[in-house]
Amino acid sequence: MKHLPYLILLLTGACTFVGEPPARPERVEGYVPVYAEASAGEVKFTSPRTVKAPGKIYTYGTYLLINEVNLGIHVYENSNPAQPEPLGFLEIVGNTDMAIRDNILYANHLGQLLAINVTNLSTPQKVGEVTITRWLLGVPPPARSYFQCVEPANGLVIAWKKETLRNPECYAH
Amino acid sequence: MRIRIFALALILFSCSDANMSSDSTQGTGGSLTRFAIKDSYLYIVTGFTINVYSLNAGAFNEVNSITIGFGLETIQANGDFLYLGANDAMYIYSIADRTKPEFVFRYAHIVSCDPVVVQGNRAYVTLRTGNACNLGVNMLEIIDISNPYSPQLIKQHQMTSPGGLGISGTCLFVCEGVNGLKMLNVANDQVTELLELPEVNAYDVIVKPNSFILTGEDGIFQYDYTCDPPVLTLVSSIPVQRADF
């Protein structure tokens, strides 16, 4: 377990200071990681949906893209900013970041970088995929809570589920 | 009749508007991005590295990965340089050789969370004491980068909880999370607070010459603005339905 502090630092993001848990209770409410299957979710374009947890935004031509944290990208036609028109939702599990050049969307997907041809949005075509070296950016555990330590071998953490933990070794400050 | 028109509009949308326009080749992100494109290369900052991807047709692959340090959070490409926001410094890397980012300067400061945006020979950096960052200050810094090998701090301005930011001309917009958005004039490297939107949760912003798009927990808001005289006009909003936990 000597790598534990390092791993926690990786998994909780740069701005969280992680140390020893205040104490190690026998039973306590805490969080267990939900791992994504490496193959989770095909990229597909579905009908517009409500924005719930907006992340980063991006504009391309007259399009406005809004990341839905770890779920995908809302696409709006924004040629009239007074009335942005929802076109649909691009499902990309684990997505947080995006960029577009020459009609190819580059988006992260569970530690992979996807290249998706969006010339025709209703039928996005995956044209490439590479592993992002040292991406390692899972969803951090909720602050000030005990959590079941993350096993990186199980994949990227995409969510946290509340559960009663026994003798948890990890704590997020 | 109204329904029919709507149905027709839907058909038209599915035929035409689902095509991305071909005249623009590259998009624009906010300040809190880990992706930056320069020419046919994509630069990604992970927590520790800059990775370089070739975007040439038929040659999409990772061509380099350079270890920088800890706590990298944002990246901006400007000219032949990359500006990285980390939680303890701003890093400058040269991409004169696009495939081989080369260390230029590490502008260190106390531990904070800080995106950076660049316009001309100025870098604008926000430093914030978040819940998670124990040390730090709440500050906007203007840094002279005319010589990227020797950046000079020229102005500090006290803020409340600054994060994402964007600039056009002399008009700088700073997101302050639950404390809203501030509109500042930074002409001649002096900082004047013009207007604020204190009610809205402000995370990041994309600023264009006469308008900006603001995102945060409350929604995505589009505003028209002028800096002189200072005017903000709400144009539209996309509501957010908060998730239940």
Side-chain angles (χ1 to χ4, degrees), chain A residues 9-10 12-17 45 50-66 74 76-79 81-88 96-104 106 108 113 115 118-122 127-137 143 173, chain B residues 13-14 17-30 32-37 40 42 44 46-49 51 53 55 60-62 65 67 70-73 86-87 113 130-134 203-204 206 208 211 213 215-217 219-220 222 224 235-236 238-243:
Chain A
L9 185 67
L10 291 189
T12 54
C15 280
T16 310
F17 289 86
F45 195 66
T50 314
V51 181
K52 288 186 174 169
K56 298 171 186 184
I57 51 177
Y58 196 83
T59 60
Y60 180 74
T62 60
Y63 293 90
L64 167 61
L65 282 68
I66 303 166
H74 302 273
Y76 284 78
E77 161 55 47
N78 195 42
S79 50
Q83 271 184 316
E85 191 77 38
L87 294 183
T96 54
D97 281 85
M98 60 201 146
I100 302 178
R101 179 183 158 87
D102 293 340
N103 285 340
I104 307 289
Y106 300 92
N108 65 308
L113 177 64
V118 288
T119 306
N120 187 342
L121 264 176
S122 54
V127 292
E129 176 169 355
V130 295
T131 300
I132 305 176
T133 298
R134 300 188 81 190
W135 180 256
L136 298 171
L137 294 166
H173 285 268
Chain B
F13 269 120
S14 61
D17 279 15
N19 293 316
M20 292 241 171
S21 61
S22 56
D23 47 29
S24 55
T25 60
Q26 200 171 305
T28 307
L32 298 169
T33 178
R34 289 183 177 276
F35 286 16
I37 290 176
S40 57
L42 170 67
I44 292 184
T46 68
F48 314 91
T49 61
N51 300 345
Y53 300 84
L55 306 184
F60 171 58
N61 62 337
E62 189 174 291
S65 175
T67 301
F70 285 92
L72 302 177
E73 292 177 338
N87 67 3
C113 311
N131 292 331
C133 294
N134 293 330
Y203 172 67
D204 202 7
I206 295 177
K208 302 193 174 181
S211 64
I213 305 172
T215 182
E217 287 177 11
I220 292 84
Q222 301 195 55
D224 285 343
V235 172
S236 68
I238 297 170
V240 163
Q241 183 190 81
R242 297 226 187 185

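Here is the naming used below: chain letters follow the sequence lines, and residue numbers restart at 1 for every chain.
Counting heavy-atom pairs under 4.5 Å between each of B:Ile220, B:Asn61, B:Asp224, B:Thr67 and chain A puts B:Ile220 at the top. For chain B, the option among A:Pro86, A:Gly55, A:Gly88 with the highest count of heavy-atom pairs below 4.5 Å is A:Gly55. Across A:Ile104, A:Asn78, A:Thr131, the residue that shares the most heavy-atom pairs under 4.5 angstrom with chain B is A:Asn78.
A distance-only check finds no donor-acceptor pair linking the side chain of A:Thr50 to the backbone of B:Gln241 [under 3.5 Å]. Not one N or O on the side chain of B:Glu62 forms a donor-acceptor pair closer than 3.5 Å with the backbone of A:Val130. The main-chain N or O of A:Pro81 is found under 3.5 Å from a side-chain atom of B:Ser236 such that the two form a donor-acceptor pair.
Contact record, B:Ser65 with A:Thr133: OG-CG2, 3.6 Å, taken as the closest heavy-atom pair. The nearest pair of heavy atoms linking A:Pro54 to B:Val240 is CG-CG2, 3.7 Å. What you find for B:Pro239 and A:Val51 is that their closest heavy atoms are O-CB, 3.9 Å. Listed here is the closest heavy atom pair of A:Glu129 and B:Phe60: N-CE2, 3.6 Å.
Interatomic distance, CG of A:Leu113 versus CG of B:Asn51, reported as 9.5 Å (0.5 Å rounding). Here the straight-line distance linking atom CD1 of B:Ile37 with atom OH of A:Tyr106 works out to 6.5 Å at 0.5 Å rounding. Atom OG1 of B:Thr25 sits about 11.5 Å away from atom CD1 of A:Ile100, to the nearest 0.5 Å. A distance of 11.0 Å separates CD in B:Gln26 from OG1 in A:Thr59, rounded to the nearest 0.5 Å. A distance of 10.0 Å separates OH of A:Tyr58 from CZ of B:Phe35, quoted to the nearest 0.5 Å. B:Ile213 CD1 to A:Ile57 CD1: the interatomic distance, rounded to the nearest 0.5 Å, is 5.5 Å.
For B:Ile44, the part lying under 4.5 angstrom from a heavy atom of chain A is the side chain only. For B:Ser211, no part sits under 4.5 Å from any heavy atom of chain A, backbone or side chain. In this structure, chain A has a heavy atom under 4.5 Å from the side chain of B:Tyr203, while its backbone stays farther away. For B:Thr28, the parts lying near chain A are the backbone and the side chain together; criterion is any non-hydrogen pair under 4.5 Å. Contact of A:Tyr76 with chain B is made through the side chain alone, with heavy-atom distances under 4.5 Å. For chain A, the nearby parts of B:Leu55 are the backbone and the side chain; heavy atoms of each come within less than 4.5 Å. In this structure, chain A has heavy atoms under 4.5 Å from both the backbone and the side chain of B:Thr33.
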Determine, stepwise, if the pair A:Arg101 / B:Leu42 fulfils side chain to side chain contact (heavy atoms under 4.5 Å, CB included).
-> CA-CA 9 Å; A:Arg101 179 183 158 87; B:Leu42 170 67; over 6 Å; no
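The salt bridge (charged side-chain N to carboxylate O under 4.0 Å, His left out) check on A:Asp97 picks up A:Lys56, with sequence neighbours excluded. Take B:Glu217 and apply the salt bridge (charged side-chain N to carboxylate O under 4.0 Å, His left out) test, not counting sequence neighbours, and it matches B:Arg242.
When the shell of 6.0 Å around CD of A:Gln83 is examined, it contains 12 or fewer heavy atoms from other residues, nucleotides or ligands.
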